[in-house]
Q: 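Next up is a structure, given as structure tokens.
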Amino acid sequence: MNSIELAGIGMTSQRTRERLIQRLIDQGISSQPVLDVIRMTPRHIFLDEALSHRAYEDTALPIGFSQTLSQPYIVARMTEILLSSGPLKKVLEIGTGSGYQTTILSQLVGGVCTVERIEPLLRKARERFRKLRLSNITAELSDGSFGWDKHAPYDGIITTAAPQAVPEDLLRQLAPDGILVIPIGNGISQDLRVFRRQGDSAEFDEEIVEKVKFVPLLGGLSR
Ligand code: SAH
């Protein structure tokens, strides 16, 4: 990828990006590292060209296969909550999608493991990680309803698709004092919830953050 592609032109100018950052601050995002990484990350390369001029609007945008690239505010909020538990060595993301949330995370934690159930989306996301030279991401085609046992335990887990109830496997794969950030609910209404494991016990502290709207967590793979 050349520097013009990465910097963006026209609607994807630095000024447009700065406006997005100001909007996130106005909405209560206060983590400077999170704001800095969002400012530096080109969101337009995670979209098809026809939509790239809308990349710095604070809205969710379609990425094909009935899936969406999450709204920047939600990406910022979930990332900020994850980081609030202290430095994270290893994070699991369920729902790679475009790879945008993965890319933000990878710049703030030791390493990211991410799983996606739709093969063409995973393929495109991997290509973006390669172009951005992100070397601390491990991505796989897999049904994340069961987490990813192979690399467990995780200091943090983030789910970007909504199940109806918390998957037990995700709680089980949390390291001591690990944190899970997950939207839970049906297609109409979901709560963003946070589970914090109490030390190395099987006890979890649970908190509801706010109402959100994510695509549903689905089972099985799609090639
Ligand atoms: N984090 C993404 C958001 C994509 S939308 C981004 O920044 O672009 C959520 C994604 O979760 C979709 O790509 C969807 O295919 C995926 N998904 C849904 N259920 C899944 C499951 N059980 N396992 C893995 N991925 C899943």
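As a basis for the values below, the full set of heavy atoms in this structure was taken, side chains included, without hydrogen atoms, waters or symmetry mates. Just so you know, ligand 1 is whichever comes first in the structure, and atom 1 is the first atom listed for that ligand.
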Q: Do any N/O atoms on Gln101 end up under 3.5 angstrom from N/O atoms on ligand 1?
A: yes

Q: With a cut-off of 4.0 Å, which atoms of ligand 1 are near a heavy atom of Val215?
A: 5 (S), 9 (C)

Q: Provide, to 0.1 Å, the distance between atom 25 (N) of ligand 1 and the closest protein heavy atom, together with that atom's residue and name.
A: Arg117 N, 3.4 Å

Q: Do Asp36 and Gln32 have side-chain atoms, one donor and one acceptor, less than 3.5 Å apart?
A: yes

Q: Any atoms of ligand 1 less than 4.0 Å from a non-hydrogen atom of Tyr100? List them with their elements.
A: 7 (O)

Q: In plain terms, say whether Asp26 and Arg23 are close enough for a salt bridge, that is, a side-chain N and a carboxylate O under 4.0 Å apart.
A: no

Q: Find all atoms of ligand 1 within a distance of less than 4.0 Å from any non-hydrogen atom belonging to Gly144, and give their numbers and elements.
A: 21 (C), 22 (N), 23 (N), 24 (C)

Q: Is Gly219 close to ligand 1, meaning an N/O of one under 3.5 Å from an N/O of the other?
A: no

Q: At under 4.0 Å between heavy atoms, which part of Gln67 makes contact with ligand 1: side chain, backbone, both or neither?
A: side chain

Q: Quick one: list whatever passes ring-ring contact (aromatic ring centres under 6.0 Å, His included) with Tyr154, sequence neighbours left out.
A: none

Q: Are Arg19 and Tyr56 in a cation-pi contact, defined as NZ or CZ under 6.0 Å from the six-membered ring centre and within 45° of the axis?
A: no

Q: Side chain, backbone, both or neither: which part of Thr68 has a heavy atom under 4.0 Å from ligand 1?
A: backbone

Q: Which protein non-hydrogen atom lies closest to atom 16 (C) of ligand 1, naming both residue and atom, and how far is it?
A: Glu116 OE1, 3.4 Å

Q: Do Val37 and Leu105 come close enough that some side-chain heavy atom pair is under 4.5 Å?
A: no

Q: Please confirm whether Pro216 comes under 4.0 Å of ligand 1, counting heavy atoms of the residue only.
A: yes

Q: Decide whether an N or O pair under 3.5 Å exists between Leu218 and ligand 1.
A: yes

Q: Please write down residue, atom name and distance for the protein heavy atom closest to atom 11 (O) of ligand 1.
A: Gly95 CA, 3.2 Å

Q: What part of Asp143 sits under 4.0 Å from ligand 1 if we count only heavy atoms: the side chain, the backbone, both or neither?
A: both

Q: Taking only heavy atoms of Ser145, which atoms of ligand 1 are found under 4.0 Å from at least one of them?
A: 22 (N)

Q: For Glu49, is the CD atom crowded, meaning more than 12 foreign heavy atoms sit under 6.0 Å from it?
A: no

Q: Using a 4.5 Å cut-off on heavy atoms from C-beta on, say whether the side chain of Lys124 contacts that of Ser98.
A: no

Q: For Asp177, is there an ion pair with Arg196 - N to carboxylate O distance below 4.0 angstrom?
A: no

Q: Among the heavy atoms of Ser142, does any lie under 4.0 Å from an atom of ligand 1?
A: yes

Q: In terms of residue, atom name and distance, what is the protein heavy atom nearest to atom 9 (C) of ligand 1?
A: Thr160 O, 3.2 Å

Q: Please confirm whether Leu217 comes within less than 3.5 Å of ligand 1 when only nitrogen or oxygen atoms on both sides are compared.
A: no

Q: Below 4.0 Å from any atom of ligand 1, is there a heavy atom belonging to Thr96?
A: yes

Q: Enumerate the atoms of ligand 1 whose separation from the nearest heavy atom of Ser98 is less than 4.0 angstrom.
A: 6 (C), 7 (O), 8 (O)

Q: Taking 4.0 angstrom as the limit and counting only heavy atoms of Glu93, give me the atoms of ligand 1 inside it, by number and element.
A: 1 (N)

Q: Does a donor on one side chain sit under 3.5 Å from an acceptor on the other, for Gln107 and Thr41?
A: yes

Q: Between Glu119 and Arg123, does at least one N-O distance fall below 4.0 Å, as a salt bridge requires?
A: yes

Q: Please name the pair of heavy atoms, one in Pro163 and one in Ala161, separated by the smallest distance, quoted to 0.1 Å.
A: CD-O, 3.4 Å

Q: Show me which atoms of ligand 1 lie under 4.0 Å from any heavy atom of Leu121.
A: 13 (O)

Q: For Ser70, take its heavy atoms, then give the atoms of ligand 1 lying under 4.0 Å from any of them.
A: 3 (C)

Q: Taking the basic N atoms (NZ, or NE/NH1/NH2) and the acidic carboxylate oxygens, is any pair closer than 4.0 Å for Arg15 and Glu18?
A: no

Q: Taking Gly97's backbone N and O only, do any of them form a donor-acceptor pair with Glu116's side chain (distance below 3.5 Å, no angle check)?
A: yes

